[in-house]
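Data first, discussion second: the structure below is written as structure tokens.
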Amino acid sequence: MSEYRPVPRPREECGICGIFGHPDAAKLTYFGLYALQHRGQESAGIVTSDGVNVSQHKGMGLVAEVFSEEILQGLKGHMAVGHVRYSTTGASSIINAQPFTAVHQGSTLAVAHNGNLVNIRTLRDELEKQGSIFQSTMDSEVVVHLIARHAHLGLEGAIAEAFKQIQGAFSLLLMTPDKLIAVRDPHGFRPLCLGKINGGAYIVASETCALDLVEGEYIRDIEPGEVLIIDQSGMKSIPPPPGLRPSHCIFEHVYFARPDSDIFGINVYLARKRMGEILARECRVDADFVMPFPDSGNYAAIGYSQASGLPLEMGVIRNHYVGRTFIQPTQSMREFSVRVKLNPIRSFLQGKRVIIVEDSIIRGTTGRSRVNSLRAAGAKEVHMLVSCPPTRFPCYYGIDFPSGGELIAAAKSVNEIRQFLGLDTLHYLSLEGLVEATGGRKDHFCQACFNGDYPVPPDRLFHKLALGR
Ligand code: SF4
């Protein structure tokens with residue numbers, strides 16, 4: 001058996017969930033992480049506190065694989081923080097599983113982090129020169145060291161000092177034995193929302209779909225640059241400095257977030273459907289029907305179909321039982337990893353003019369396999385519409401795109417990509433169209449992977465690594 005890695009797709013970095021004031025805090029956090037599983041599948045962890053004692057459990061794998069009923073019962077307390085991880089920095093191993101915990105002056109601090117710090121190497125080098133010893137390669141450990149260095153300022157002062165020094169994308173949950181603290185970077189790259197459960201307990205989570213599963217009521221987003229402290233005395237917000245301009249990750253709407261979540265003030269399903277409607281306005285193609293390759297482009301395909309009047313069909317069928325591992329096929333079974341998951345319906349596709357709607361093209365290898373499979377099934381014409389602009393630049397803020405050199409749109413023109421994929425037509429949604437679909441606030445979104453305009457410049461070394469040099 002070997003690891004099933006069928007398609008080179010961009011990966012989300014992490015999901016976080018915290019509960020305060022509920023006797024079943026561990027179980028609610030478990031369900032919150034379950035809802036956020038799409039944001040990371042390599043490891044999962046929960047740390048709980050009863051106000052004095054801290055318990056934790058972490059493991060490699062999916063949430064349902066890492067936790068059992070018995071393990072959850074052993075995680076006592078009315079507060080918890082949890083994390084699901086896909087590694088963008090730091091190796092994939094249990095030592096890098098989060099939440100990260102450390103004991104400082106007799107008190108435990110747990111950190112669950114979503115995002116990437118862009119000055120991590122500089123900060124880590126400086127801390128090591130000053131005597132800090134690191135256990136892992138995670139960004140979160142640097143945060144813990146920075147807070148510990150300023151412990152003499154009290155918790156609020158230490159957090160404020162630490163967050164003055166770190167730069168990049170971070171939605172964070174911190175937990176001391178008696179406080180749950182939510183922090184969002186000044187640009188608000190990653191989503192983070194606050195909700196209430198049964199009128200008494202609080203939940204903070206990466207996406208609103210986690211609130212829905214535990215019957216939480218959405219209150220509001222944590223503001224970019226805000227620090228929110230929840231303890232027995234209630235909630236205290238340290239508001240962001242005035243004049244900040246958000247740079248929300250627009251790719252969350254294109255691909256990462258769950259369609260049933262509302263993020264950055266707009267529902268993801270509606271935004272994706274709108275992308276399809278705008279694609280229909282930008283590019284009309286004479287074809288027999290429009291189809292997604294499930295689950296990429298599903299909702300944009302619905303939007304395109306409704307706006308263009310072309311029927312929506314399912315020309316490929318997904319095998320829902322493909323697990324994370326399977327026995328590798330023989331060398332002669334070409335395109336196996338595509339076919340095992342998605343099988344074209346030959347009798348239906350024969351002689352048809354097909355429009356595929358995709359959410360993104362990253363390396364192009366998956367797209368080429370998909371087009372080949374439709375042609376092999378007898379499709380006469382294959383056209384592709386993509387619900388975002390060409391992805392030309394790497395992401396430094398926590399999305400695991402391949403290095404700059406591997407992004408197909410960094411090296412090829414749209415026409416060259418069309419030829420590489422074997423398509424009759426290729427059209428990408430314009431950046432203006434994408435911004436319109438996500439609410440029209442161009443100056444409120446990071447769009448750097450499309451236009452190279454980075455809101456926070458990365459460390460020189462970090463930059464080189466991301467470019468794959
Ligand atoms: Fe999101 Fe792209 Fe900006 Fe990264 S570079 S934060 S993926 S919009």
Evaluate the criterion salt bridge (Lys or Arg N to Asp or Glu O under 4.0 Å) for residue pair Glu126 and Lys129; output intermediate values, then yes/no. CA-CA 5 Å; Glu126 281 168 11; Lys129 275 185 209 146; over 6 Å; no
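- Side-chain atoms of Gln130 and Arg149 form a donor-acceptor pair, as typed in the model, at a separation below 3.5 Å.
- Put simply, the side chain of Met79 reaches to within 4.5 Å of the side chain of Ser49, judged on heavy atoms.
- Annotation: side chain of Pro224 is not in contact with side chain of Pro186 (no heavy-atom distance under 4.5 Å).
- Looking at Arg258, its side chain does come within 3.5 Å of a backbone N or O of Ala35 through a donor-acceptor pair.
- The side-chain heavy atoms of Cys193 and Arg220, taken from C-beta on, include no pair separated by under 4.5 Å.
- Residue Glu215 places its CD atom among 12 or fewer non-hydrogen atoms of other residues, nucleotides or ligands, all under 6.0 Å distant.
- Few gaps surround CG on Asp260; more than 12 heavy atoms of other groups in view lie less than 6.0 Å from it.
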Hey, mind stepping through Leu172 and Phe163 against side-chain contact (heavy atoms from CB on, under 4.5 Å) and telling me if it holds? CA-CA 11 Å; Leu172 272 161; Phe163 289 108; 3.1 Å; yes
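- Atom CD1 of Ile229 is separated from atom CD1 of Ile181 by 5.5 Å, given to the nearest 0.5 angstrom.
- The minimum heavy-atom distance between Thr391 and Ala409, with the atom names listed, is O-CB, 3.6 Å.
- The CD1 atom of Ile362 sits 10.5 Å away from atom CD1 of Ile399, with the distance rounded to the nearest 0.5 Å.
- You'll find the side chain of Thr48 stays beyond 4.5 Å of the side chain of Val54, heavy atoms only.
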Please step through side-chain contact (heavy atoms from CB on, under 4.5 Å) for the pair His78 and His22, ending with a clear verdict. CA-CA 5 Å; His78 63 282; His22 197 286; 5.9 Å; no
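- Tyr218 is not listed as a side-chain neighbour of Asp212, based on a closest heavy-atom distance of 4.5 Å or more.
- Rounded to the nearest 0.5 angstrom, Gln165 CD and Leu117 CG are separated by 11.5 Å.
- Every pair passing side-chain hydrogen bond (donor to acceptor under 3.5 Å, both in side chains) that includes a residue from residues 152-164 is listed here, sequence neighbours excluded: Glu156-Lys236, Glu161-Lys164.
- In this structure the side chain of Ile278 reaches within 4.5 angstrom of the side chain of Arg281, judged on heavy atoms.
- A donor atom on one side chain and an acceptor atom on the other are not found under 3.5 Å apart for Ser43 and Gln98.
- Proximity of a side-chain donor or acceptor of Glu282 to a complementary backbone N or O of Leu279 within less than 3.5 Å is not detected.
- Scanning both residues, Ser430 and Pro389, for their nearest heavy atoms gives C-CG, 4.0 Å.
- Screening residues 123-147 for ring pair (Phe, Tyr, Trp, His ring centres under 6.0 Å), with sequence neighbours left out, gives Phe134-His145.
- When atom types are taken as modelled, the side chain of Ser206 and the backbone of Ile16 share a donor-acceptor pair closer than 3.5 angstrom.
- Exactly one residue among Phe256, Phe445, Phe393 makes a ring-ring contact (aromatic ring centres under 6.0 Å, His included) with Phe251. That residue is Phe256.
- Side-chain contact annotation: Arg85 with Asn96, donor-acceptor N/O pair under 3.5 Å absent.
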Mind running side-chain contact (heavy atoms from CB on, under 4.5 Å) on Val81 and Met175 for me, showing each step along the way? CA-CA 7 Å; Val81 285; Met175 192 177 75; 4.0 Å; yes
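- Without hydrogens or angle criteria, Arg274 side chain to Ala437 main chain gives no donor-acceptor distance under 3.5 Å.
- Taking Arg441 as the reference, nothing meets the salt bridge (charged side-chain N to carboxylate O under 4.0 Å, His left out) condition, with sequence neighbours excluded.
- Between Phe264 and His444, a ring centre-to-centre spacing not shorter than 6.0 Å is recorded.
- Atom CZ of Phe450 sits in a crowded spot, with more than 12 heavy atoms from other residues, nucleotides or ligands closer than 6.0 Å.
- With no hydrogens or angles considered, no side-chain donor-acceptor pair links Gln447 and Lys442 at under 3.5 Å.
- In this structure, the side chains of Glu252 and Pro191 come closer than 4.5 Å at one or more pairs of heavy atoms.
- Across Val144, Val143, Val142, a single residue satisfies side chain to side chain contact (heavy atoms under 4.5 Å, CB included) together with Leu146, and that is Val142.
- Among pairs with a residue in residues 43-54, none fulfils salt bridge (Lys or Arg N to Asp or Glu O under 4.0 Å), at least two apart in sequence or across chains.
- Classification of the Tyr269-Tyr299 ring pair by plane angle, with boundaries at 30° and 60°, yields perpendicular.
- The salt bridge (Lys or Arg N to Asp or Glu O under 4.0 Å) contacts involving residues 165-184 comprise Lys179-Asp231, where partners must be two or more places apart or lie in separate chains.
- Counted by atom type alone, Gln56 and Thr101 present one or more donor-acceptor pairs between their side chains at under 3.5 Å.
- With hydrogens and angles ignored, the 3.5 Å screen pairs a side-chain donor or acceptor of Ser136 with a backbone N or O of Met138.
- Glu358 and Ser387 are not linked by any side-chain donor-acceptor pair at a separation below 3.5 angstrom, with hydrogens and angles left out of the test.
- Side-chain contact between Ile219 and Lys196 is present, with at least one heavy-atom pair separated by less than 4.5 Å.
- Sorted by first and then second residue, the ring pair (Phe, Tyr, Trp, His ring centres under 6.0 Å) pairs involving residues 188-212 (not counting sequence neighbours) are His187-Phe189, Phe189-Tyr397.
- Applying the side chain to side chain contact (heavy atoms under 4.5 Å, CB included) test between Leu211 and each of Val204, Ile203, Asp262 identifies Ile203 as the sole match.
- Of the possible polar contacts, none joining the His248 side chain to the Cys446 backbone as a donor-acceptor pair under 3.5 Å is found.
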Before you tell me yes or no, could you show the steps for Ile408 and Ile361 under side-chain contact (heavy atoms from CB on, under 4.5 Å), namely the whole-Å CA-CA distance, both residues' side-chain angles and the distance that decides it to 0.1 Å? CA-CA 8 Å; Ile408 189 168; Ile361 301 174; 3.9 Å; yes
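- Of the possible polar contacts, none joining the Asp24 side chain to the Lys27 backbone as a donor-acceptor pair under 3.5 Å is found.
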